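I have placed the structure first, in the form of structure tokens, so that the comments after it can refer back to it.
Remember, predicted model here, so these are calculated numbers, not experimental data. Per chain, numbering begins at 1; letters A, B, ... match sequence-line order.
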Protein chains: 4
Amino acid sequence: MKPGTGESPNAARRSDTSRRAILRAAFDLAGEVGYGRLSIEGIAARAGVGKQTIYRWWPSKGAVLFDAFLLLAEDSGGSPALPDSGDLEADLVAVLRATVDELNDPRYDAPMRALNTEITHDPELARLYSERLDEPMRALKKDRLRSAQRIGELPADLDLDVAVDLIWGPLMNRWMLRSGGLTGDFAERIVAAALDGLRRR
Amino acid sequence: MKPGTGESPNAARRSDTSRRAILRAAFDLAGEVGYGRLSIEGIAARAGVGKQTIYRWWPSKGAVLFDAFLLLAEDSGGSPALPDSGDLEADLVAVLRATVDELNDPRYDAPMRALNTEITHDPELARLYSERLDEPMRALKKDRLRSAQRIGELPADLDLDVAVDLIWGPLMNRWMLRSGGLTGDFAERIVAAALDGLRRR
Amino acid sequence: MKPGTGESPNAARRSDTSRRAILRAAFDLAGEVGYGRLSIEGIAARAGVGKQTIYRWWPSKGAVLFDAFLLLAEDSGGSPALPDSGDLEADLVAVLRATVDELNDPRYDAPMRALNTEITHDPELARLYSERLDEPMRALKKDRLRSAQRIGELPADLDLDVAVDLIWGPLMNRWMLRSGGLTGDFAERIVAAALDGLRRR
Amino acid sequence: MKPGTGESPNAARRSDTSRRAILRAAFDLAGEVGYGRLSIEGIAARAGVGKQTIYRWWPSKGAVLFDAFLLLAEDSGGSPALPDSGDLEADLVAVLRATVDELNDPRYDAPMRALNTEITHDPELARLYSERLDEPMRALKKDRLRSAQRIGELPADLDLDVAVDLIWGPLMNRWMLRSGGLTGDFAERIVAAALDGLRRR
DNA sequence: ATGTAATCGAGACGGTACGTCCAGTCTTGAC
DNA sequence: GTCAAGACTGGACGTACCGTCTCGATTACAT
């Protein structure tokens with residue numbers, strides 16, 4: 001897979017060593033110094049690279065960060081399918097618990113916040129993010145839901161996009177705004193509520 | 001109500017004119033120039049105020065922005081209770097549709113993104129936000145849900161915090177990440193799904 | 001005497017410590033690293049000053065250098081009158097020999113070359129230089145020549161500006177272009193030739 | 001005649017088209033954008049040439065500029081002898097007036113200032129300049145003075161180098177520093193003063 | 001005529017410095 | 001003591017060039 005942000009200059013001559021050093025430095029620095037102190041200058045220095053090499057290939061700090069996540073996804077061999085034990089609720093709880101653990105790991109929390117911030121303020125980046133990172137993940141999630149539809153656990157006419165948002169939205173929102181503890185228990189409750197609904201029956 | 005961010009100097013002598021000018025300028029500038037170009041210097045210049053007056057009373061740009069929202073909430077007379085027609089679903093859809101409209105209004109969208117960004121990267125500010133803005137709103141939301149419990153529309157043992165997150169989380173998450181169209185229709189689907197659950201019954 | 005390059009901002013609040021540190025650093029660096037490596041950034045670093053403080057008060061690197069020479073002239077109490085022993089030729093030779101020694105001193109050679117280069121390419125700076133440094137020196141030179149006129153050593157109708165150029169011009173030109181050795185002997189010959197003329201009599 | 005700056009690589013394969021384009025571009029750009037904005041990159045672009053082609057054949061920007069003047073001198077068929085009407089003063093005035101006109105022509109003024117600046121800061125280039133451009137000119141000037149010696153207009157034991165410096169030095173110095181108007185009248189006065197001497201007789 | 005070696009235009013690279021903007025601190029004089 | 005004003009050190013911005021390097025593609029020489 002190619003870097004996500006479009007390449008105008010003579011990409012054939014591009015130094016892959018520098019590219020990787022930059023993305024690595026961007027991700028690491030985001031984790032170490034935080035979003036506020038994350039600078040192009042710092043990334044260039046850490047990567048042992050001229051600033052121009054960054055400006056030549058990326059339009060913004062956010063684009064670098066985005067590619068850093070993209071590289072991470074590639075290097076980790078892409079995302080595997082969600083577990084499918086036949087019990088949707090158990091599988092979802094397992095996945096969300098893992099997500100909670102990741103979000104609570106400062107090694108990942110800080111860079112993700114940095115990327116999310118950039119996405120928030122850059123619609124073009126948001127589009128790229130949606131297309132390159134969110135959609136593939138969303139597809140895997142929908143696959144699992146479709147499997148549940150197949151065995152009759154979920155209704156056949158369910159709007160899968162709404163379903164995904166209903167399950168993952170509350171978690172991500174609570175993480176971003178720190179509006180409450182981000183625990184496995186919370187994940188469990190959200191899954192249960194999403195599946196069974198709030199309404200009395 | 002006093003500004004939200006703790007005040008050490010002699011607050012008695014504080015100029016309310018300057019305070020309001022600063023908060024007004026902060027909110028307006030956030031909307032006009034966006035988060036990236038929002039600067040203390042710019043706020044001071046727009047408010048016709050010395051920079052020191054800002055640094056004297058607020059610890060960070062985010063704190064100013066936070067107080068700007070607080071002022072807005074005060075000036076608009078605080079938040080009224082959620083509508084209670086006896087039909088929970090209809091009321092929630094109405095409220096979420098209004099929220100959608102607000103989030104789609106660039107006049108509010110930009111400052112809210114700016115504030116959210118600051119909250120994301122500043123746990124102390126997140127605490128304040130939670131306490132001063134989110135909790136009061138959340139209380140009103142819970143009041144409406146409790147009313148539904150009283151008439152048996154919702155189960156008595158429902159975890160109201162989870163319920164609120166389930167209803168509002170997907171909306172806010174989609175708004176922040178622009179991961180899909182933010183429409184009244186989406187609001188409607190989310191409410192329906194949240195109330196009835198995804199699971200086939 | 002005030003700095004030579006016009007001051008627009010609120011000069012009353014100007015830090016004299018920083019001003020002097022900058023001018024000192026500029027002069028010293030010009031001598032140490034040479035014109036080619038003389039940078040605003042380097043001056044600021046050496047002076048322990050923000051770059052903006054230089055940009056706030058001087059329009060160009062040349063203007064800083066110019067003020068550095070101006071400060072030097074002030075601090076050394078201004079230029080004293082040329083010696084007047086009654087023997088014009090001897091006095092001129094003495095003065096030009098001293099000039100030769102100064103021009104051969106690397107401590108002064110490099111900064112002067114730097115300043116001359118800036119003057120060469122900046123007419124406004126050339127005007128300032130002429131007015132603030134060259135003219136006062138030229139006045140002293142003319143005074144000495146006038147004294148010689150008074151005792152009949154020089155004709156009363158002599159064009160003193162041409163005379164000064166004739167005496168000092170060859171020396172400065174040879175220095176700048178290194179078109180020959182810059183020695184006391186050369187100074188002597190120039191003075192003799194200028195006074196007696198080339199023509200056979 | 002070969003370019004003035006020594007050539008190590010295989011000069012036989014050198015592209016004369018590129019060489020001329022570079023020198024032409026250097027001279028023209030010096031005149032158009034001035035010394036401060038004259039860059040190797042700009043010369044290469046203007047000449048339609050790779051940067052390496054410049055770095056391969058010249059050690060510095062000044063060397064390129066120097067060769068540009070050398071090419072100019074070659075192309076204009078070298079310098080002709082100075083006029084010799086039998087009246088030294090008249091001939092010198094004519095020559096210096098022509099020089100004044102050239103120095104006042106912005107087409108030549110700017111590149112010459114650029115070259116002089118490089119010479120000022122590069123002793124090796126100064127040596128080359130002296131050897132390749134100044135000496136040949138100086139030889140012509142001395143020839144004219146020798147002719148005057150032959151007819152007894154100038155003393156036989158005159159130091160011709162001092163004489164040349166005395167006549168041309170004041171003019172060049174005034175030009176470089178803009179320390180006064182550069183007019184034909186000034187040239188005339190200098191010639192008269194240089195020939196007759198300042199001293200009363 | 002054909003290999004081979006150097007030059008060519010092009011342009012990416014690690015860097016330095018530019019001139020600007022802003023952060024956050026400090027000082028001044030008016031109130 | 002607070003205020004508007006604004007100078008101060010410091011540091012990042014995004015740009016322009018530096019001088020080096022590598023890439024194919026000519027191009028001219030020696031076989």
What's the verdict on side-chain contact (heavy atoms from CB on, under 4.5 Å) for D:Lys61 and D:Ile54, showing C-alpha distance, side-chain angles and the deciding distance?
CA-CA 9 Å; D:Lys61 191 166 65 179; D:Ile54 298 183; over 6 Å; no
Return the value, rounded to whole Å, for the distance between atom CD of D:Gln52 and atom P of E:dC13.
17 Å
Mind calculating the distance between CZ (B:Arg14) and C1' (F:dA4) to the nearest angstrom?
16 Å
Taking NZ, NE, NH1 and NH2 as the nitrogens, is one of them in D:Arg107 or D:Asp28 under 4.0 Å from a carboxylate oxygen of the other?
yes
Answer yes or no: does a side-chain N or O of C:Ser18 lie under 4.0 Å from OP1 or OP2 of F:dA7?
no
Mind calculating the distance between CD1 (D:Ile54) and C1' (F:dC17) to the nearest angstrom?
12 Å
Hey, is the side chain of C:Arg13 pairing donor to acceptor with the base of E:dT28 inside 3.5 Å?
yes
Round to a whole Å and report the spacing from CZ of D:Arg56 to P of E:dA10.
14 Å
Mapping C:Arg37 and A:Asn10 onto DNA chain E by nearest heavy atom, which one lands closer to the 5' end?
A:Asn10
Taking 4.0 Å as the cut-off, does a side-chain nitrogen or oxygen of D:Ser15 come that near to OP1 or OP2 on F:dT27?
no
If each of C:Val49 and B:Asp16 is mapped to the nucleotide of DNA chain F with the nearest heavy atom, which maps nearer the 5' terminus, i.e. the 5' end?
B:Asp16
For E:dC8, take OP1 and OP2 only and decide whether either is under 4.0 Å from a side-chain N or O of D:Trp57.
yes
Output for pair (D:Tyr129 OH, D:Leu125 CG), nearest 0.5 Å, gives 10.0 Å
SB check A:Arg20 A:Asp75 (cutoff 4.0 Å)
yes
Working note: D:Tyr108 + D:Phe27, criterion side-chain contact (heavy atoms from CB on, under 4.5 Å); need CA distance, chi angles, decisive distance, verdict.
CA-CA 9 Å; D:Tyr108 288 85; D:Phe27 187 89; 4.0 Å; yes
Rounded distance (Å) that lies between atom P of F:dT20 and atom CH2 of D:Trp58:
16 Å
Whole Å only: how far is the OH atom of D:Tyr55 from the C1' atom of E:dA6?
21 Å
I'd like a table of donor-acceptor pairs (distance under 3.5 Å, sequence neighbours excluded) in which one partner is a side-chain atom from residues 29-42 of chain C, with atom names and distances.
| from | atom 1 | to | atom 2 | distance (Å) |
| --- | --- | --- | --- | --- |
| C:Glu32 | OE1 | C:Arg46 | NH2 | 2.4 |
| C:Glu32 | OE2 | C:Arg46 | NH2 | 3.2 |
| C:Tyr35 | OH | C:Glu118 | OE2 | 3.2 |
| C:Ser39 | OG | C:Gly42 | N | 2.9 |
| C:Glu41 | OE2 | C:Lys51 | NZ | 2.7 |

Does a side-chain N or O from A:Thr53 land closer than 4.0 Å to OP1 or OP2 of E:dG14, or not?
yes
Where along residues 38-46 of chain C does a heavy atom come under 4.0 Å from DNA chain E, residue by residue in number order?
C:Ser39, C:Ile40, C:Glu41
Would you verify whether the NZ or CZ of A:Arg14 falls within 45 degrees of the ring axis of A:Trp58 while also being under 6.0 Å from that six-membered ring's centre?
yes
When the distance from CZ of A:Arg19 to C1' of E:dC13 is rounded to whole Å, what number comes out?
16 Å
Counting distance alone, no hydrogens or angles: does the base of E:dG9 have a donor or acceptor under 3.5 Å from a partner atom on the side chain of D:Lys51?
no
